[in-house]
Amino acid sequence: MSETESRDFIRQIISDDLESGKHQQITTRFPPEPNGYLHIGHVMSICLNFGVTEETGGRTYLRFDDTNPGKESSEYVEAIKRDVRWLGFDWGGRLTHASDYFNKLYDAAIKLVEMGVAYVDSLSAEEIRSYRGTLTEPGKNSPHRDRSVKENLDLLARMRAGEFDDGEMVLRAKIDMSSPNMNLRDPALYRIRHVEHQHTGNTWCIYPMYDFAHTLSDAFEEITHSLCTLEFEDHRPLYNWFLDQLEPRHRPRQIEFSRLNLAYAITSKRKLNALVEEGIVEGWDDPRMPTIAGMRRRGYPAAALRDFVHRAGVTKKDKLIEMGVLENSVREILGEEAPRRMAVLKPLKVVLTNYPENTVEMMEAMNHPARPEFGTRELPFSRELWIEQDDFMEEAPRKFFRLKPGGEVRLRFGYIIRCDEVIKNDAGEVIELRCSYDPETRSGSANSDRKVKGTIHWVSCAESIDASVRLYDRLFTVANPNTAEDFHAVMNADSLQTVAAKLEPSLAALENDEPVQFERLGYFCADSESEDESVFNRIVTLRDSWAKLEKQAMQEQE
RNA sequence: UGGGGCGUAGCCAAGUGGUAAGGCAUCGGGUUUUGAUCCCGUGUACCGCAGGUUCGAAUCCUGCCGCCCCAGCCA
């Protein structure tokens, strides 16, 4: 971060705490529940939690908040570790689970009972709900609220011993049933769940609730700043209540910031899971998903994701950030780092009538226009080429400076050609162009500086390789699908288009993790999950001012 | 209609009493064998509204309005 850049409110608090001597070192934690894959919203939290300690020489725990077995699995644990690592962060030896503290948590629960501020309730879930009151009316005390410490201790021990069925008993904090803050109306601390836990197996049949487990885990790990999202603001009084009652050696401070929402994307694990379960997408790592796994497979660089959340900032205001900001971050990184290649997505054949048959010339092409250290490669050039269908128009508007009947265009790294004849099929569709080339204009030669308005990309037919290229678009048709009554109704039916493309030969050797730019088209990468090597994903298009002009022209016509 | 938050340009976001940074988008223009990149330039933000305090307020006070979150034995 540069000197002139201002710090967000959390970093300000942290540097104040460091300057005042309140803390010598900062400790944070990223506490995902392993019940789904991480998404763009989590990237924000990961970058914040690991970022502040990276900047101040502190430490960060990766802690799995695994207090609700049944919804959680080790598959998710592994996926989360992979994603955090890929994003570029290192938790060192600080990988923990809330379940690592189950014994200490249970001891703390006993202590609360002994202090008379927790009790075992035998009301059913429905009864508890009806006793809780509403937002505007206070709740009522449970008839079991005043059980003796002895009885509570006995009941709690029997809960743990497995003497009761799920839901038969629950341990509750004794706070205030008339509190305007619902979280303080005797919240549940422990519930009975006779299910196997992904980390502790069958050693427990009672499991602590989030508020209780999270607060104490923070204290045990000596977290200085417990950073979470805004919806937990109401929980802070409860967080502090636990600390006040139990007085742990270390007292962490909870600070809340707003979630990051991405336009045209969903960031709800429940809904993301539904997309996967219902087969609407291929999986959690479908390149259209806003999950870290999906974006990685799509080809978004980790650095772009980090840059994106940095641009979004840390505040307490609800935000819905435009997709363009993310795409800008992706383009910025890729523009700098991706080697250039040639590929034709929607091929149209061009025959150079005055070019010798059975001849192949090798044309030298730069791998990056601004970075000569990337070197060059050779492209085969011959009599029959593929060009992009969009680069030819039979009746072209004035400003269209690509190929048109009688018109000239430069073939990138090749020759200038002229369109002499248009061949059509019975349906009247253009299927081939007869062109002539100007031998004097070979790229790089002495007389190659003749100017023509346009330059288009191409691939030699005989030497090209076939590939299936997937073109992705946003999954939803509305900016905020999170608030849609039913997200199914706002799905974009055309979020995936697959085309049969022609690629330059060098692309056959492309590594999976190596994004490239197909010149004039966008950034692409080989799909890591496809057995077939010739499946590519479009990461993002290039900025396209021609498309913008076309769109404006269309709107003016209407 | 209880409680907790938030309101600065289309989207983000600085600003912490002295007269509104920056990014993305937009719109112009230049360079260019990617209509990309790059480079210039481009915004009347009634700082949610209304009062008040002050020589001076986006910043302090009061009232109002709008939006978000909370009634899981989820996190």
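Quick caveat, the model's predicted, so the values are computed rather than measured. Per chain, numbering begins at 1; letters A, B, ... match sequence-line order. These values consider heavy atoms only, across backbone and side chains, with no hydrogens, waters or symmetry-generated copies.
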Gap in Å between the two [atom1] atoms, one belonging to [N] and one to [M], rounded:
| N | M | atom1 | answer |
| --- | --- | --- | --- |
| B/U1 | B/G15 | C1' | 37 Å |
| B/A9 | B/G56 | P | 26 Å |
| B/A50 | B/A58 | C1' | 16 Å |
| B/U59 | B/G48 | C1' | 15 Å |
| B/G10 | B/C6 | P | 23 Å |
| B/A14 | B/G7 | P | 10 Å |
| B/U53 | B/C61 | C1' | 7 Å |
| B/G41 | B/U31 | C1' | 15 Å |

Measure from the side chain of [X], starting at C-beta and using heavy atoms only, and say which of [options] lies closest.
| X | options | result |
| --- | --- | --- |
| A/Leu549 | B/C24, B/U34, B/G35 | B/G35 |
| A/Pro369 | B/C11, B/U34, B/C73 | B/U34 |
| A/Asp234 | B/G4, B/A36, B/G2 | B/G4 |
| A/Ala188 | B/A36, B/C24, B/C73 | B/C73 |
| A/Lys319 | B/G3, B/A13, B/G4 | B/A13 |

Is the phosphate of [N] approached by [X] (side-chain N or O, under 4.0 Å from OP1 or OP2)?
| X | N | result |
| --- | --- | --- |
| A/Arg191 | B/A75 | yes |
| A/Arg193 | B/C74 | yes |
| A/Arg311 | B/A13 | no |
| A/Lys317 | B/C68 | no |
| A/Thr136 | B/U1 | no |
| A/Arg132 | B/G72 | yes |
| A/Lys316 | B/G4 | no |
| A/Thr455 | B/U32 | no |

Original post:
Can you list the residues that meet the salt bridge (charged side-chain N to carboxylate O under 4.0 Å, His left out) rule with A/Glu137, with sequence neighbours excluded?
Top reply: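 With neighbours one apart ignored, the set is empty.
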Subject >> salt bridge (charged side-chain N to carboxylate O under 4.0 Å, His left out) partners for A/Arg253, two or more places apart >> reply: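 Salt bridge (charged side-chain N to carboxylate O under 4.0 Å, His left out) check on A/Arg253 returns nothing, list empty.
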Original post:
Under 5.5 Å between ring centres and under 30° between planes: does that hold for A/Trp546 against the base of B/G35?
Top reply: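 A/Trp546 ring centre within cut-off of B/G35 base, planes near parallel; stacks.
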**OP:** Using whole Å, report how far NE2 of A/His235 lies from P of B/G3.
**Re:**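 The distance from NE2 of A/His235 to P of B/G3 comes to 18 Å, rounded to the nearest Å.
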Original post:
How long is the line joining CD of A/Gln12 and C1' of B/A14, in whole Å?
Top reply: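 It works out to 10 Å between those atoms.
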Report yes or no: is there a donor-acceptor pair, N or O only, under 3.5 Å between the side chain of [X] and the base of [N]?
| X | N | result |
| --- | --- | --- |
| A/Arg236 | B/G4 | no |
| A/Glu256 | B/G5 | no |
| A/Asn181 | B/G4 | no |
| A/Arg410 | B/U33 | yes |

Original post:
In the structure shown, which nucleotide is the Watson-Crick or G-U wobble counterpart of B/U44, with both distances under 3.5 Å?
Top reply: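 Paired with B/U44, as far as the under-3.5 Å criterion goes, is no nucleotide at all.
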Sugar-phosphate, base or nothing in reach of [X], heavy atoms under 4.0 Å:
| X | value |
| --- | --- |
| A/Ser258 | nothing |
| A/Lys453 | nothing |
| A/Gln517 | base |
| A/Met169 | nothing |
| A/Gly167 | base |
| A/Arg340 | base |
| A/Phe400 | base |
| A/Asn328 | sugar-phosphate |
| A/Phe232 | base |
| A/Ile321 | sugar-phosphate |
| A/Ser124 | base |
| A/Leu123 | base |
| A/Phe401 | base |
| A/Lys269 | nothing |

Subject >> Note, A/Arg520 side chain near A/Ile456 side chain (heavy atom, < 4.5 Å) >> reply: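 Sidechains of A/Ile456 and A/Arg520: in contact.
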Original post:
Hey, does the side chain of A/Thr215 reach the backbone of A/Phe212 with a donor-acceptor pair shorter than 3.5 angstrom?
Top reply: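 Absent.
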Subject >> Residue A/Lys271 excluded, over 12 heavy atoms near NZ under 6.0 Å >> reply: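 Counting neighbours around NZ of A/Lys271, more than 12 heavy atoms of other residues, nucleotides or ligands fall under 6.0 Å, so yes.
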Subject >> Ring geometry between A/His197 and A/His199 (parallel below 30°, tilted from 30 to 60°, perpendicular above 60°) >> reply: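 Perpendicular: the ring planes of A/His199 and A/His197 meet at over 60°.
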Charged N to carboxylate O below 4.0 Å: is that the case for [X] and [Y]?
| X | Y | answer |
| --- | --- | --- |
| A/Glu361 | A/Arg442 | yes |
| A/Glu33 | A/Lys71 | no |
| A/Glu221 | A/Arg29 | no |

Original post:
Using the purine O4'-C1'-N9-C4 or pyrimidine O4'-C1'-N1-C2 torsion, is B/G72 syn (within 90° of 0) or anti?
Top reply: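 It is syn.
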